[in-house]
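Quick caveat: nothing in here was measured; it's all calculated off a predicted structure.
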Amino acid sequence: MRRTVLPIAAILLTAACSSGTSTTASKPTHTPTPRATQSSRPAAAPSHSASHTTKPKPKPSRSKGCGPERDVIVWYRTPGGDDSAQVIGNYNVVSCQTTFDELRKDSPTGDGYCTEAAWADENPGYNADATVAKRLKNVQVSVGPAC
């Protein structure tokens with residue numbers, strides 16, 4: 001039987017948008033934060049509505065941006081799931097906190113979890129869209145007991 005693997009961003013957005021409530025008081029495994037992302041997958045064509053109003057774009061908290069932009073690859077291992085990865089920016093666009101700092105603070109630490117991050121330019125040719133993502137080289141952050 002073939003399992004369908006969703007990108008971690010889709011899983012996090014689904015979890016963040018669900019309206020269900022839980023009766024158990026457990027710590028969330030990961031808190032999604034807004035950041036610029038990049039993928040080699042083609043983007044869906046924009047849909048146009050009858051309304052032609054323009055929404056304002058969010059601005060970083062610093063007038064000149066958060067600092068030099070550099071891509072980061074984040075690799076994930078979750079219990080019972082395939083290893084996955086995604087390419088994201090090196091700063092949270094709202095708070096200008098570094099991706100590495102946020103991963104240290106927000107990554108799951110339960111049994112079977114591992115989150116690793118490395119600079120994309122130090123992993124040339126890395127395929128973040130692979131069905132089972134390979135481990136990273138020159139890891140900058142490693143969180144979780146399954147690392």
Side-chain angles (χ1 to χ4, degrees), residues 1-20 22 26-49 53-147:
M1 178 159 98
R2 179 163 166 74
R3 291 191 317 196
T4 302
V5 179
L6 296 175
I8 193 73
I11 295 168
L12 295 175
L13 286 173
T14 302
C17 295
S18 68
S19 61
S22 174
S26 62
K27 181 181 175 185
T29 58
H30 186 34
T31 305
T33 53
R35 60 175 100 247
T37 61
Q38 170 183 333
S39 175
S40 62
R41 295 182 180 153
S47 61
H48 299 284
S49 65
T53 59
T54 307
K55 294 181 182 178
K57 294 180 181 179
K59 294 181 181 178
S61 61
R62 297 183 190 168
S63 61
K64 293 186 179 181
C66 300
E69 293 181 16
R70 193 171 174 193
D71 287 337
V72 173
I73 302 171
V74 183
W75 178 86
Y76 303 95
R77 173 168 286 159
T78 58
D82 291 333
D83 297 344
S84 61
Q86 66 179 4
V87 179
I88 60 177
N90 61 324
Y91 285 94
N92 175 314
V93 296
V94 174
S95 69
C96 285
Q97 183 175 20
T98 69
T99 297
F100 295 140
D101 287 344
E102 285 196 345
L103 290 171
R104 282 184 196 100
K105 182 182 74 164
D106 296 335
S107 294
T109 57
D111 289 344
Y113 286 94
C114 177
T115 303
E116 293 181 342
W119 296 113
D121 59 9
E122 292 181 7
N123 287 270
Y126 188 88
N127 182 4
D129 295 321
T131 301
V132 178
K134 66 179 184 172
R135 297 293 287 264
L136 297 166
K137 297 175 185 172
N138 302 317
V139 172
Q140 302 295 311
V141 172
S142 182
V143 178
C147 293

- Task: Drop me the distance from T99's OG1 to I73's CD1, to the nearest 0.5 angstrom.
- Result: 12.5 Å
- Y76 and Q86: side-chain donor and acceptor closer than 3.5 Å? yes
- Query: What pair of heavy atoms forms the shortest contact from R104 to V141, and how long is it?
  - Reply: NH2-CG2, 3.6 Å
- Message: In the structure I gave you, are the side-chain heavy atoms of T78 and Y113 within less than 4.5 Å of one another anywhere?
- Response: yes
- Item | Ring centroid separation W119 to Y126 under 6.0 Å | no
- Message: Give me the atom names and distance for the closest heavy-atom approach of F100 to A117.
- Response: CE2-CB, 3.6 Å
- Message: What's the separation between atom SG in C147 and atom CH2 in W75, rounded to the nearest 0.5 Å?
- Response: 6.5 Å
- Message: Take a 6.0 Å sphere around CG of D111 and say whether it holds more than 12 heavy atoms from other residues, nucleotides or ligands.
- Response: no
- Message: Apply side chain to side chain contact (heavy atoms under 4.5 Å, CB included) to residues V143 and T109 and explain how you reach the verdict.
- Response: CA-CA 7 Å; V143 178; T109 57; 3.9 Å; yes
- Kindly give the heavy-atom pair with the smallest separation between K137 and N123, and that separation in Å. N-OD1, 2.7 Å
- Query: Is there a donor-acceptor contact under 3.5 Å from the side chain of T115 to the main chain of V74?
  - Reply: no
- If you round to the nearest 0.5 Å, how far is CZ of R77 from CZ of R135? 5.0 Å
- Nearest-0.5 Å distance that lies between atom NZ in K105 and atom CD in Q97: 4.5 Å
- Message: Can you tell me how far apart CD1 (I88) and CG (D71) are? Round to the nearest 0.5 Å.
- Response: 9.5 Å
- N90 side chain vs P68 backbone, donor-acceptor pair below 3.5 Å: yes
